Amino acid sequence: MTRQTHSRRDFLTRAATATALGLSGTTALSGVSAFATPNVQSPASGPTEGLIPYGSAVRAGALQSDSTYREAIIANCQLVVAEGEMKWADIRPTRGEYRFEKADAIIDFARQNRLEVRGHTLAWYGGLPKWVDEISSRTEAEYELIDHIKTVVSRYRGVIPSWDVVNEPLVDFPESAASLRPCVWTKYLGADYVPIALRTAAMVDPGARLVLNEYDVEFMGPRFAARRKALLQLLRALRDRDVPLHGVGLQAHLFADRAIDRDGLQAFLAEITAMKLDVLITELDVVDYELPGKVSERDALVAKKAAEFLGAVCEVVRPKAILTWGLSDRYTWVPIYFKRPDGMPNRPLPLDADLKRKPLFDVIEQFRRKLA
Ligand code: 9MR
């Protein structure tokens, strides 16, 4: 590439960045104040002050159509996160268009019930609309990424205090921090997409806690050890470049048949803590597709796996929050990929499909209380 091409590209990039970061024309959500006040006296779960905040992914459609589900969320959660409504596919159905109806519905629900909201997610290879395939240059990719983060984060500035800015950056079996999952962002921006996303979010809302969210970091085996190692490398590289980052989200989609690597996980968390980063558990659930069919046996094994994980984590760090990826087995992503071969419904979450508490609920409660 010639020097001329470089400088033109850099000029275009700077121009795109400047335009995207300009504060004119932002769409801040007026009349909505920050609601950092947690639901301290949650009716079903008793007093929650001093406990690790618990929350769940929620679905806007179900909150609207299913009043028993809505009541269960209000009764049990201090925070919520949109399962899909704040992803690109929902907010950016066509190029140049921003649609916030469903995201705003979740914000309104949370505000009415004094729940805090986590934002999910701004820079991810998944959950993208089709039109993103039209992006064909570094300038366009940078423009779209920055414009998106600027628009979404500024809309919810002071309303969403914590964002999963970067989601699942690593390939399944990384060799190093350079093993980033190929996607539109890496194709045109390379590894720079991570600092670009974090810096943009920090500029737009300097008060927000910015989180890098990853999965498959807790298990025993070479692939999971490689993921922990690569993620630590990535975190160090970001720190060395003074990239704003406040926390690491452990998604914790556990598998009942995978052993937790207690020592490996604890060493990994100790390093994260030494970097002064928060640890959050962001998407806990237990995939049960290979467990026995008998419900009581299955629920006990699911709870045991979560206890094994939470026990290892909580011995070295007090997570800032524990969220499950759904509250009730009535609404879970698990059967999309992990349907049970016996055809029985999956049971990965703290409440069953009738919204009754399962042993997993009690395990989470115990850890929240133990660390109060
Ligand atoms: O549960 C989510 C499902 O409803 C969506 O279809 C899917 C694609 O957007 O994302 C699922 O949530 C994922 C989360 O955003 C990131 N970690 C893994 C979650 C489960 O696949």
Side-chain angles (χ1 to χ4, degrees), residues 55-66 69 73 77 79-93 99 102-103 105-106 117-133 148-149 152 160 162-172 174 180-181 183-185 194 197 210-219 224 227 231 247-256 258 279-289 302 306 309 321-339 345-351 353:
S56 166
V58 291
R59 297 181 179 178
L63 285 174
Q64 209 197 357
S65 64
D66 182 344
Y69 163 73
I73 294 284
C77 295
L79 60 154
V80 291
V81 58
E83 188 171 343
E85 293 80 350
M86 291 188 193
K87 289 174 184 165
W88 279 63
D90 279 41
I91 288 185
R92 310 286 303 279
R99 300 293 296 261
K102 285 187 273 172
I106 289 177
V117 182
R118 296 204 66 246
H120 176 90
T121 179
L122 300 167
W124 186 28
Y125 74 88
L128 295 171
K130 207 71 205 107
W131 66 261
V132 166
D133 296 343
H148 181 88
I149 295 175
V152 177
I160 294 187
S162 169
W163 272 102
D164 290 334
V165 178
V166 178
N167 196 38
E168 304 174 359
L170 295 171
V171 297
D172 271 342
L180 297 178
R181 192 179 286 272
C183 64
V184 62
W185 312 125
V194 174
L210 309 182
V211 172
L212 189 150
N213 198 37
E214 244 322 343
Y215 69 97
D216 276 1
V217 294
E218 53 282 276
F219 306 116
F224 308 107
R227 291 179 65 74
L231 185 53
V248 176
L250 311 184
Q251 292 189 0
H253 293 291
L254 307 180
F255 285 73
R258 286 187 192 165
V279 172
L280 297 87
I281 296 168
T282 51
E283 305 185 13
L284 176 64
D285 54 17
V286 185
V287 177
D288 64 337
Y289 77 135
V302 160
F309 169 73
I322 300 176
L323 293 100
T324 49
W325 206 240
L327 176 64
S328 152
D329 296 334
R330 197 181 284 182
Y331 303 111
T332 164
W333 70 284
V334 169
I336 306 174
Y337 301 110
F338 302 106
K339 230 182 203 1
N346 296 89
R347 299 176 65 86
L349 289 167
L351 304 186

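Numbering of ligands and ligand atoms starts at 1, following listing order. Since the structure is predicted, the reported quantities are computational estimates derived from the model, not experimental observations. Quick note: residue numbers are just sequence positions, from 1.
Among all protein heavy atoms, the one lying closest to atom 6 (O) of ligand 1 is I336 CD1, 4.6 Å. When hydrogens are left out, the protein atom nearest atom 8 (C) of ligand 1 is K87 NZ, 3.8 Å; that is the closest non-hydrogen contact. Protein heavy atom closest to atom 16 (C) of ligand 1, with residue, atom name and distance, is E168 OE2, 3.3 Å.
With V58 as the fixed residue, the side chain to side chain contact (heavy atoms under 4.5 Å, CB included) test singles out one of V81, L327, V117, V80: V80.
Taking the six-membered ring where the residue is Trp, W88 and W131 present tilted rings, their angle falling between 30° and 60°.
Close N/O approach between E283 and ligand 1 is found [any backbone or side-chain N/O within under 3.5 Å]. Polar contact with ligand 1: present for W325 (N/O pair, distance under 3.5 Å).
A heavy-atom separation below 4.0 Å is not found between Y215 and ligand 1.
Per-residue contacts place E83 under 4.0 angstrom from the following atoms of ligand 1 (heavy atoms of the residue considered): 1 (O), 2 (C), 3 (C), 4 (O). The N167 neighbourhood of ligand 1 comprises atoms 16 (C), with distances under 4.0 Å to a heavy atom of that residue. The ligand atoms of ligand 1 that sit less than 4.0 angstrom from a heavy atom of W333 are 1 (O), 20 (C), 21 (O). If you number the atoms of ligand 1 from 1 as listed, the ones under 4.0 Å from a heavy atom of Q251 come out as 16 (C), 17 (N), 18 (C).
Rounded to the nearest 0.5 Å, atoms CG (L351) and CD1 (I73) are 8.0 Å apart.
Proximity of a side-chain donor or acceptor of R118 to a complementary backbone N or O of A82 within less than 3.5 Å is not detected. A donor-acceptor pair is defined here as one N or O able to donate and one able to accept, closer than 3.5 Å; no such pair exists between the side chain of H253 and the backbone of V287. Without hydrogens or angle criteria, N346 side chain to F338 main chain gives a donor-acceptor distance under 3.5 Å.
Distance remark: protein heavy atom present below 4.0 angstrom from atom 21 (O) of ligand 1.
Between D66 and R59, none of the side-chain N atoms (NZ, or NE/NH1/NH2) sits under 4.0 Å from a carboxylate O, so this pair counts as no salt bridge.
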Is there a side-chain hydrogen bond (donor to acceptor under 3.5 Å, both in side chains) between N167 and Y215? Walk through the geometry before answering. CA-CA 9 Å; N167 196 38; Y215 69 97; over 6 Å; no

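Selection from H120, H253, R59, M86 by nearest heavy atom to atom 14 (C) of ligand 1 gives H120.
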